[in-house]
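For reference, the structure is listed below as structure tokens.
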Amino acid sequence: MLKLPGLIDPHVHLREPGATHKEDWDTGTSAALAGGFTMVLAMPNTQPPIFDSETFNIALTAAKQKARCDYAQYLGAGPDNAEIAASLADRAAALKMYLDMTFGELRLDDMTLWLPHFEKYPKAYPIVVHAESRSMTAAILFSAIYDRHIHIAHISLKEEILLIKAAKEKGIKVTCEVCPHHLFLTATESPSPILGEGLGVRAESPSPTRAERSTSEVEAGRGARGEGRLEVRPRLATQKDVDALWENLDVIDCFATDHAPHTLQEKDSENPPPGFPGLETLLPLLLTAMHEKRLTIDDIIQKSVINPRKIFNLPDQPETWIEVDENAEYEIKAAEQFTRCGWTPFEGWKVKGRVRRVVLRGREAYRDGKILVEPGYGRNVRV
Ligand code: DOR
Ligand code: ZN
């Protein structure tokens, strides 16, 4: 049995308020515990989005009643909330800026709207950007000009990791995270048995790479049953991109799930929303990679505990650890998960490494498939 510190996920979507049929603070934090996470940072692209005191309090009230693991809530950067967001900063996980196409209403196309946030948000916390490719480059330039830390969410491309490496070498205050789906899947692999014969195998007619897909195709939805399950932002990339991420693992500061649950019915609809659940699959996937000698246990601890704690200025969790049977082999099954969304892109994958027990602040919170703490046990780490 391997004993590890409780993992921290800096990037989850818990869907409450507004879309609790996909997930809520109870099911999402139960999934977190089952996956070995004792702390999650919740994204603000809910309905309504979290961008002022009123909406912030709506999210925190739900969290206080229902969360089973520890947490903090992000604020979203909107077109005119820089001052109010800055005033709430000490109570928030960090500020999230959506600079590219994604799910939800929070998006800042116009760079003049970025300025007040870079000027006003306290430098004690990072600004987390959803920024891909060229907008990521612009965000790094903002970081250099304003001399403030930005954390780049879910990087997926070779050009991104190489530029971040170069920016770090220049002393620019930039950190980044990568998600398992960008480390283990490519655009030409089927994440569901519907498309291919199994998992991780090539579909008969490969999906176009993201460069080949047109925006209108994406906006119109991909339609055919099963294909919506490939939709995620940033999109799955090419093998060359995946290889570049693995080759530059030392440049990656954090692992994050970007747990983005949508129901199977929604994923298989005419207009599939982008996003994959991930809380219950990150650790087994990484432990499997560890057995394959692609990374070490120290990489996991560094990028899933130590670095997120440092980057987001998060407190220690006393008497908190997880116990993992590193040699348990099993198949990933959505039916065994706590997330409400009812599917996983890794269905049927054979993995090695299972979370057996989670102790959170002195209490046994999870053991062998059972959640043992009640809704409301989770604490807001920014109080
Ligand atoms: O695939 C995604 N889903 N990417 C995002 O940026 C948002 C997320 C969601 O909230 O569903
Ligand atoms: Zn996200």
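When a residue number appears, it is its place in the shown sequence, counting from 1. Indexing begins at 1, ligand by ligand and atom by atom, following the structure's order.
Backbone and side-chain nitrogen or oxygen atoms of Gly275 are examined, and one is located within less than 3.5 angstrom of a nitrogen or oxygen of ligand 1. Annotation: Tyr98 places no N or O atom under 3.5 Å from an N or O atom of ligand 1; distance criterion only. Considering backbone and side-chain N/O atoms, Pro274 comes within less than 3.5 Å of an N/O atom of ligand 1.
Of all the atoms in ligand 1, the ones that sit under 4.0 Å from a non-hydrogen atom of Ala260 are 3 (N), 8 (C), 9 (C), 11 (O). Annotation for ligand 1: atoms under 4.0 Å from non-hydrogen atoms of Val232 are 1 (O). Taking every heavy atom of His130 and a limit of under 4.0 angstrom, the matching atoms of ligand 1 come to 6 (O).
Residue His11 counts as close to the Zn ion (ligand 2), with an N, O or S atom under 2.8 Å. The Zn ion (ligand 2) has no N, O or S atom of His154 closer than 2.8 Å.
If you look at His11 and His154, their ring centroids are closer than 6.0 Å.
Between the choices Met43, Arg233, Arg15, the shortest heavy-atom distance to atom 9 (C) of ligand 1 belongs to Arg15.
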List the steps, then state whether salt bridge (Lys or Arg N to Asp or Glu O under 4.0 Å) holds for Asp258 with Arg233. CA-CA 10 Å; Asp258 194 7; Arg233 298 291 176 278; over 6 Å; no
Run the numbers on Tyr121 and Leu75 for side-chain contact (heavy atoms from CB on, under 4.5 Å), then give the verdict. CA-CA 11 Å; Tyr121 205 75; Leu75 293 161; 4.0 Å; yes
What do the steps show when you test Lys352 against Met290 for side-chain contact (heavy atoms from CB on, under 4.5 Å), and what is the final call? CA-CA 9 Å; Lys352 192 167 173 184; Met290 179 191 80; over 6 Å; no
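Minimum-distance N/O/S atom of Asp258 relative to the Zn ion (ligand 2): OD1.
With 3.5 Å as the limit, one finds no donor-acceptor pair spanning the side chains of His259 and Glu280.
Relative to the ring axis of Tyr71, Arg379 does not place its NZ or CZ within 45° and under 6.0 Å from the centre. Annotation: cation-pi geometry not satisfied between Arg357 and Tyr366 (NZ/CZ under 6.0 angstrom from ring centroid, within 45° of ring axis).
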